[in-house]
*Asks:* 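Supplied in structure tokens, the structure appears directly below.
Just so you know, residue 1 is the first one in the sequence shown, and it goes up from there.
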Amino acid sequence: MSIFKGAGVAIITPFKENGDVNFDEFGKLIEMQIEGGTDAIIVCGTTGEASTMNDDEHLATIKYCIDKVAGRIPVVAGTGSNSTKEAVNLSKQAAELGADGLLCVTPYYNKATQEGLYQYYKAISDAVDIPIIMYNVPGRTSTNIQPETAVRIAKEVENVVAIKEASGNIAQVAKLASLADGCLDIYSGNDDQVLPLMSLGGIGVISVWSNVAPKQVHDMTTAFLNGDVETARKLQLDAIDLIGALFCEVNPIPVKAGVNMLGFNAGSLRAPLTEMTDAGKERLRKAMEDYGIL
């Protein structure tokens, strides 16, 4: 059974001037997403800067999100790590806090083999009883879950039910969908490829774009799922310039700037990420204005 269908937001984490998590502002962002029709919130992922959080901050942010959402939509907690032991520990605690599912990125830096990936997801699954979404983003991790491995994991590891595919390789996604034959839910991890991936059988997106335009992302995925391909296509293509601006510098640098432009206090980024360049901000502001959200 799917954790969600449609638009999941890879939500940012706002910080105060002193670097602490700004929970009051985080609550406002969560409410904005729910009001915009977002179908699920993915907390403490790449866009949420989880890699710079210690375990206490990480779990406190997950708990706050779960409590604030209060069951209105699913909350998926990012708990992957380059250490299997750490991923298992975070996953167990997120499950105990009430997360509806987990998003577990492949181990980064270590360059695990395909067998290592299988064992990684099996270890996490053995420790929890909630659904797990694999996260394949080789551009950040230097590790690619091959389609054959993803399908093997889906068939042999009980709780693994989905994959966030951010390889950017549509041919790989097509092969994955063909081999999976429905045994694995597929979410797009690339905002500029949502419809191409859904046309191959994907059921939605885990989106950065949704941080600044939740209604549009929800409406696009819902239209496609309801068979209104023309409307969905228009919504995807209308956003291409904005999506390009949101990724003109390393994520989540532009999207946090965009959220600030909307009038929220997303705060700064945690080092080693730096603030967006003036040229990048100008490009993003124009794209948001042209898109009609500024």
Side-chain angles (χ1 to χ4, degrees), residues 1-13 26 28-48 65-66 68-69 71-78 99-103 131 133-137 161-166 173 184-240 242-247 251-252 254-255 258-259 262 264 288 291-293:
M1 182 178 180
S2 302
I3 300 175
F4 73 94
K5 290 185 178 181
V9 61
I11 198 165
I12 66 162
T13 304
F26 192 35
K28 295 176 185 177
L29 294 173
I30 290 168
E31 292 300 332
M32 187 260 280
Q33 290 296 319
I34 293 174
E35 289 170 10
T38 292
D39 298 292
I41 292 180
I42 292 76
V43 59
C44 289
T46 303
T47 309
C65 186
I66 292 168
K68 185 68 175 178
V69 171
R72 288 175 286 176
I73 57 176
V75 173
V76 178
D100 297 289
L102 304 173
L103 178 70
I133 303 172
M134 297 178 283
Y135 181 13
N136 191 40
V137 58
V161 300
I163 186 168
K164 176 184 177 182
E165 239 300 334
V173 175
L184 187 68
D185 288 335
I186 304 174
Y187 298 104
S188 177
N190 297 94
D191 281 316
D192 59 352
Q193 296 181 351
V194 181
L195 257 61
L197 186 141
M198 292 184 74
S199 74
L200 294 169
I203 64 169
V205 61
I206 296 177
S207 171
V208 174
W209 165 30
S210 185
N211 279 280
V212 296
K215 183 180 186 302
Q216 291 87 337
V217 183
H218 167 78
D219 288 353
M220 177 187 67
T221 55
T222 299
F224 190 91
L225 291 168
N226 288 340
D228 186 355
V229 177
E230 183 177 349
T231 295
R233 182 190 301 116
K234 184 176 189 307
L235 288 164
Q236 173 81 89
L237 295 178
D238 285 350
I240 289 299
L242 173 60
I243 293 166
L246 286 170
F247 289 92
N251 179 51
V255 72
V259 170
L262 289 177
F264 293 94
M288 291 175 68
Y291 192 62
I293 56 175

*Asks:* Going by an N to O cut-off under 4.0 Å, is there a salt bridge joining Arg72 and Glu31?
*Replies:* yes
*Asks:* Could you report the tightest heavy-atom contact between Ala99 and Ala77, atom names first, then the distance?
*Replies:* CB-CB, 4.1 Å
*Asks:* Applying side-chain contact (heavy atoms from CB on, under 4.5 Å), name anything that partners Leu200, two or more places apart in sequence or on another chain.
*Replies:* Ile170, Val173, Ala174
*Asks:* Quick one: pull up OG in Ser210 and CE in Met32 and give me the separation to the nearest 0.5 Å.
*Replies:* 8.0 Å
*Asks:* Which residues satisfy the side-chain contact (heavy atoms from CB on, under 4.5 Å) test with Ile293, sequence neighbours excluded?
*Replies:* Val212, Gln216, Leu242, Met288, Tyr291
*Asks:* Would a distance-only check, ignoring hydrogens and angles, find a side-chain to backbone donor-acceptor pair under 3.5 Å from Asp100 to Val76?
*Replies:* no
*Asks:* Testing the basics here: between Pro214 and Thr38, what is the closest heavy-atom pair and its distance to 0.1 Å?
*Replies:* CB-OG1, 3.5 Å
*Asks:* Can you see which heavy atom on Ala166 is nearest to which on Asn190, and at what distance?
*Replies:* CA-OD1, 3.1 Å
*Asks:* Do Phe4 and Ile206 touch side chain to side chain, with heavy atoms closer than 4.5 Å?
*Replies:* yes
*Asks:* Go through the structure and list residues passing side-chain hydrogen bond (donor to acceptor under 3.5 Å, both in side chains) with Asp191, not counting sequence neighbours.
*Replies:* Ser207
*Asks:* Would you please name every residue forming a side-chain hydrogen bond (donor to acceptor under 3.5 Å, both in side chains) with Lys215, sequence neighbours left out?
*Replies:* Asp219
*Asks:* Are any non-hydrogen side-chain atoms of Val229 and Phe224 less than 4.5 angstrom apart?
*Replies:* yes
*Asks:* How long is the span from the CD1 atom in Ile11 to the CD1 atom in Ile41, to the nearest 0.5 Å?
*Replies:* 4.5 Å
*Asks:* Do you know the tightest heavy-atom contact between Gly204 and Leu197?
*Replies:* O-CD2, 4.4 Å
*Asks:* Holding to side-chain hydrogen bond (donor to acceptor under 3.5 Å, both in side chains), I want the full list of residues that pass it with Asp39, two or more places apart in sequence or in another chain.
*Replies:* His218
*Asks:* Within the 4.5 Å heavy-atom criterion, are Phe264 and Asn211 side-chain neighbours or not?
*Replies:* no
*Asks:* Give me the atom names and distance for the closest heavy-atom approach of Leu235 to Trp209.
*Replies:* O-CH2, 3.9 Å
*Asks:* Going by the rule salt bridge (charged side-chain N to carboxylate O under 4.0 Å, His left out), which residues pair with Asp228 if we only count those two or more places apart in sequence or in a different chain?
*Replies:* none
*Asks:* To the nearest 0.5 Å, how far apart are CG in Asn226 and OG1 in Thr231?
*Replies:* 10.0 Å
*Asks:* Check whether any side-chain heavy atom of Val208 sits under 4.5 Å from a side-chain heavy atom of Phe247, and report yes or no.
*Replies:* yes
*Asks:* Identify, with sequence neighbours excluded, every residue that meets side-chain hydrogen bond (donor to acceptor under 3.5 Å, both in side chains) alongside Gln236.
*Replies:* none
*Asks:* Are Lys68 and Val75 close enough, and set up right, to give a side chain to side chain contact (heavy atoms under 4.5 Å, CB included), and what steps lead you there?
*Replies:* CA-CA 10 Å; Lys68 185 68 175 178; Val75 173; over 6 Å; no
*Asks:* Could you list the residues that satisfy salt bridge (charged side-chain N to carboxylate O under 4.0 Å, His left out) with Arg233, not counting sequence neighbours?
*Replies:* none
*Asks:* Could you tell me which non-hydrogen atom of Ile3 sits nearest to which non-hydrogen atom of Tyr187, and how far apart they are?
*Replies:* N-OH, 4.0 Å
*Asks:* Decide yes or no on side chain to side chain contact (heavy atoms under 4.5 Å, CB included) for Leu184 and Met134, but give the supporting numbers first.
*Replies:* CA-CA 10 Å; Leu184 187 68; Met134 297 178 283; 4.0 Å; yes
*Asks:* Can you measure from CD1 (Ile163) to CD1 (Ile186) and round to the nearest 0.5 angstrom?
*Replies:* 7.5 Å
*Asks:* Report yes or no: does Thr13 contribute a side-chain atom to a donor-acceptor pair with the main-chain N or O of Gly48 at less than 3.5 Å?
*Replies:* yes
*Asks:* Go through the structure and list residues passing side-chain contact (heavy atoms from CB on, under 4.5 Å) with Thr46, not counting sequence neighbours.
*Replies:* Tyr135, Arg140, Asn251
*Asks:* Just to verify, what does Lys5 make a side-chain contact (heavy atoms from CB on, under 4.5 Å) with, not counting sequence neighbours?
*Replies:* Ser2, Ile203, Leu225
